[in-house]
**Q** 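Got a structure for you, written out below as structure tokens; questions coming shortly.
None of these values were measured; they are calculated from a predicted model.
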Amino acid sequence: MSERVVTIEGKKSQIGEISLHPFQPLSPDLRPLPQESISKEVIPTNEVIYKKTELDKRTTSRANKKKSTIMTAGLLMTNACLGTTIFTFAVKAKSFGLVWLLVAAVVVAFVDYWTIMAGAKASSRVEEDDYSEITEKVLGKKMRAVLNFMLIVYSYACMMCFLALLYPLFGRFIQTIGYNNKYESYDDFLSDKMGKLYIKIPFYVGVSLAISLLCLIDDINKLSFSSYIGVGAVAYSLLVVTVQCPSYYKYYKKTVYVEEDKSTHANFKDISQAFKKDLDFFKGMANLFAAYACHPNIFPVYAGFKEDKGDRKGGLKKMSLGTIFAVFLTTGLHILSIVCSFLTDPITPEDLIIYRKNKNNGKDIPMAIAKLAVFISLIFTVPSCYFSLRLSIANSFLKGEVTTKFNRIFTFSSIFGCAVVAILYDKILNYLSYIGGFTSVFICYLIPVLLYIKSSGKAISYWKNLIQLILAIILSIIGVLAGILTIIDDVA
């Protein structure tokens with residue numbers, strides 16, 4: 001028998017002050033419960049180690065939350081949006097045209113603000129700060145089940161995507177430091193060395209084992225530093241791309257551009273290419289939807305603005321200002337990434353701009369450091385997705401209870417299962433199309449708008465409700481079409 005501190009009815013578990021919010025970036029703001037709210041009991045290791053109670057719900061929303069400020073709220077939402085998606089815009093800029101992709105990013109930013117505030121207003125009306133609880137109160141248990149299913153799919157898809165990114169990042173890191181100078185391109189290096197399964201499989205076994213051990217950590221607040229690693233990796237990588245962009249554009253003009261050959265011309269404003277055979281417009285929009293997905297985090301952020309139940313208007317005003325700050329900051333970073341990524345390689349862009357080939361196949365130590373930093377950040381990002389997944393599974397199928405044995409089996413099977421998928425399917429942009437198309441539009445757009453309409457107390461036919469519903473449906477259709485087109489491409 002081993003001693004474990006557990007939850008008993010009406011008490012809070014002290015196994016690491018587990019955060020019950022499904023997305024890790026908010027956990028650094030959670031405070032531990034006062035000692036009198038905690039009860040200890042010695043039980044067998046395989047007994048219940050986590051049980052969600054009414055006290056849990058209260059303490060993870062209002063009582064257990066620091067007061068938000070406009071600055072901290074904006075940074076938290078920006079942090080939730082930032083990720084490797086910010087490096088994928090070069091491919092879409094080629095088909096959209098640089099100008100039109102910038103326009104699309106600004107439009108999605110406005111949509112982001114609108115839907116975030118729709119969710120915050122619904123939270124204010126029902127006086128609840130947990131996304132699942134709000135959905136059940138306003139839309140019923142069936143819609144809550146749909147939301148939890150979408151969160152599960154979203155978490156699995158993100159884990160697969162991040163794991164699929166690790167191996168090519170590792171290979172390109174090796175290439176960038178000049179290890180493989182005898183190869184003319186990364187593709188040659190990949191097929192000769194990194195493409196071998198006897199290298200790939202041991203790599204994923206080791207990485208999956210390390211990530212699984214991180215996922216078994218009881219106190220997820222011990223991984224709170226991972227948020228700073230992620231932001232730091234993205235910021236540094238974006239800085240490198242920005243600084244190196246002018247020299248790469250000059251290199252393109254000197255070695256690739258031919259005035260008489262239109263195929264060598266950068267696409268600055270011809271959006272017609274996005275509506276050709278592969279209909280890349282829909283996939284590009286799905287990528288942008290995924291790039292602005294932070295909505296499940298907004299409810300505890302909004303809770304931090306409410307000092308008491310009567311502070312709804314003041315809380316909404318502060319939430320609006322915090323959201324405006326987050327949208328402006330996120331959009332500014334996205335615009336910087338779109339422009340610099342596009343100008344770095346406007347003709348044959350890689351899936352991620354940090355994959356880009358070095359000029360003259362030379363060494364590029366700053367970019368090597370960027371790749372290594374993103375690699376390390378992804379190692380810690382997977383557990384964040386896993387904690388969300390485990391919580392959704394527990395609340396959907398296990399009545400909020402998780403045993404030690406189940407936790408270990410589920411952790412290793414989930415991580416290694418996702419790694420197998422990542423080995424067999426490594427199309428990063430398609431992962432983003434699936435995430436943005438099939439999950440983000442529902443989690444971030446459709447459900448918040450439905451919450452707003454239903455909680456307003458007015459009929460759907462009311463003009464404001466009708467306009468919002470139509471826009472949400474249009475966005476959902478765009479997302480679903482992106483997912484369907486990706487499936488068709490994969491089958492073809």
Side-chain angles (χ1 to χ4, degrees), residues 81 83-98 100-112 114-115 146-147 149-162 164-165 267 270-296 330-331 334 337-338 341-342 349-352 421 425-450 469-492:
C81 290
T84 50
T85 311
I86 199 171
F87 301 122
T88 64
F89 294 131
V91 175
K92 301 308 172 186
K94 181 183 176 183
S95 59
F96 269 67
L98 176 61
W100 287 108
L101 186 60
L102 293 174
V103 171
V106 172
V107 170
V108 174
F110 278 110
V111 170
D112 209 49
W114 155 53
T115 49
V146 171
L147 173 63
F149 173 76
M150 287 293 178
L151 289 171
I152 291 170
V153 173
Y154 179 87
S155 298
Y156 267 123
C158 287
M159 288 163 59
M160 293 172 190
C161 181
F162 296 147
L165 276 166
N267 180 15
D270 182 11
I271 197 175
S272 64
Q273 294 185 36
F275 291 95
K276 290 186 176 179
K277 186 177 180 181
D278 60 354
L279 294 174
D280 202 43
F281 168 81
F282 296 98
K283 297 177 189 176
M285 294 302 296
N287 278 28
L288 285 171
F289 294 159
Y292 280 91
C294 68
H295 295 61
T330 303
T331 305
H334 284 164
S337 176
I338 290 170
S341 299
F342 176 76
E350 296 276 4
D351 288 353
L352 270 69
V421 176
Y425 187 81
D426 58 358
K427 298 180 180 179
I428 305 304
L429 295 182
N430 285 4
Y431 276 115
L432 294 177
S433 292
Y434 288 131
I435 293 170
F438 286 135
T439 58
S440 291
V441 289
F442 291 102
I443 295 172
C444 302
Y445 299 152
L446 186 60
I447 292 180
V449 169
L450 291 177
L469 181 61
I470 291 172
L471 289 175
I473 291 174
I474 291 173
L475 293 170
S476 300
I477 291 173
I478 291 173
V480 171
L481 281 175
I484 293 173
L485 289 169
T486 305
I487 292 174
I488 293 173
D489 286 348
D490 285 336
V491 172

**Q** Can you name the side chain to side chain contact (heavy atoms under 4.5 Å, CB included) partners of F149, sequence neighbours left out?
**A**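 F149 satisfies side chain to side chain contact (heavy atoms under 4.5 Å, CB included) with V153 once adjacent residues are dropped.
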
**Q** Who are the side chain to side chain contact (heavy atoms under 4.5 Å, CB included) partners of N267, not counting sequence neighbours?
**A**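 So N267 forms a side chain to side chain contact (heavy atoms under 4.5 Å, CB included) with D270, Q273.
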
**Q** Looking at CD1 of I435 and CE of M160, how far apart are the two atoms once the value is rounded to the nearest 0.5 Å?
**A**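 Going from CD1 on I435 over to CE on M160, the span is 10.0 Å.
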
**Q** Which atom pair, heavy atoms only, marks the closest approach of A109 to T331?
**A**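 In terms of heavy atoms, the two residues are closest at CB-OG1, 3.1 Å.
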
**Q** Which heavy-atom pair separates F96 from M285 by the least distance, and what is that distance?
**A**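 Scanning both residues completely, I find the closest heavy atoms to be CZ-N, 4.2 Å.
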
**Q** Roughly how far, to the nearest 0.5 Å, is the CZ atom of F87 from the CG atom of L165?
**A**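 That separation rounds to 10.5 Å.
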
**Q** Mind checking whether T486 and F282 have side chains closer than 4.5 Å, heavy atoms only?
**A**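 Heavy-atom side-chain distance check fails, nothing below 4.5 Å.
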
**Q** Roughly how far, to the nearest 0.5 Å, is the CG atom of L279 from the CG atom of L485?
**A**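 L485 atom CG to L279 atom CG measures 5.5 Å (nearest 0.5 Å).
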
**Q** Once the angle between the rings of F281 and F275 is folded into 0 to 90°, is it parallel (under 30°), tilted (30 to 60°) or perpendicular (over 60°)?
**A**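 Aromatic pair F281/F275 classed parallel.
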
**Q** Using every non-hydrogen atom in the two residues, find where G437 and A286 come nearest and quote the distance to one decimal.
**A**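 Of all heavy-atom pairs spanning G437 and A286, the closest is N-CB, 4.0 Å.
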
**Q** Determine yes or no for a side-chain-to-main-chain donor-acceptor pair under 3.5 angstrom, with S95 supplying the side chain and D280 the backbone.
**A**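 Between the backbone of D280 and the side chain of S95 there is no qualifying donor-acceptor contact (under 3.5 Å).
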
**Q** Work out which heavy atom in K94 is nearest to a heavy atom in P349; give both atom names and the distance.
**A**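 Looking at all heavy atoms of both residues, the closest pair is CD-CD, 3.9 Å.
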
**Q** Show the nearest heavy-atom pair for residues M150 and F442, with the distance to one decimal.
**A**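 M150 and F442 have their closest heavy atoms at CE-CD1, 3.8 Å.
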
**Q** Atom CD1 of I86 and atom CG of N287: how far apart are they, to the nearest 0.5 Å?
**A**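 The CD1 atom of I86 sits 13.0 Å away from the CG atom of N287.
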
**Q** Only counting residues at least two apart or in another chain, list the ones meeting side-chain hydrogen bond (donor to acceptor under 3.5 Å, both in side chains) with T115.
**A**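 Only H295 meet the side-chain hydrogen bond (donor to acceptor under 3.5 Å, both in side chains) criterion with T115.
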
**Q** Between atom CZ of F289 and atom OG1 of T439, what is the distance when rounded to the nearest 0.5 Å?
**A**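 Rounded to the nearest 0.5 Å, the CZ-OG1 separation comes to 12.0 Å.
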
**Q** Tell me, do L475 and L446 make a side-chain contact under 4.5 Å, heavy atoms counted?
**A**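 Side chain of L475 against side chain of L446, heavy atoms only: no contact under 4.5 Å found.
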
**Q** Look only at the side chain of Y425 and the backbone of A164, and say whether a donor-acceptor pair between them is shorter than 3.5 Å.
**A**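 No, Y425 side chain to A164 backbone: no donor-acceptor pair under 3.5 Å.
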
**Q** Which value, rounded to the nearest 0.5 Å, describes the distance between L151 atom CG and I443 atom CD1?
**A**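 The distance works out to 4.5 Å.
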
**Q** Does some side-chain heavy atom of Y445 sit less than 4.5 Å from a side-chain heavy atom of L471?
**A**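 L471 vs Y445: side chains apart.
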
**Q** Which heavy atom of S341 sits nearest to which heavy atom of S337, and what is that distance?
**A**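 Heavy atoms only, the tightest pair is OG-O, 2.6 Å.
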
**Q** Please tell me if the side chains of L102 and I338 come closer than 4.5 Å, counting only heavy atoms from C-beta onward.
**A**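 Result yes, sub-4.5 Å side-chain heavy-atom pair found.
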
**Q** Can you check side chain to side chain donor-acceptor pair (under 3.5 Å) on S440 and Y292, steps first, answer last?
**A** CA-CA 9 Å; S440 291; Y292 280 91; over 6 Å; no

**Q** Give the C-alpha distance, both sets of side-chain angles, the deciding distance and a yes or no for side chain to side chain contact (heavy atoms under 4.5 Å, CB included) between L101 and L288.
**A** CA-CA 9 Å; L101 186 60; L288 285 171; 4.2 Å; yes

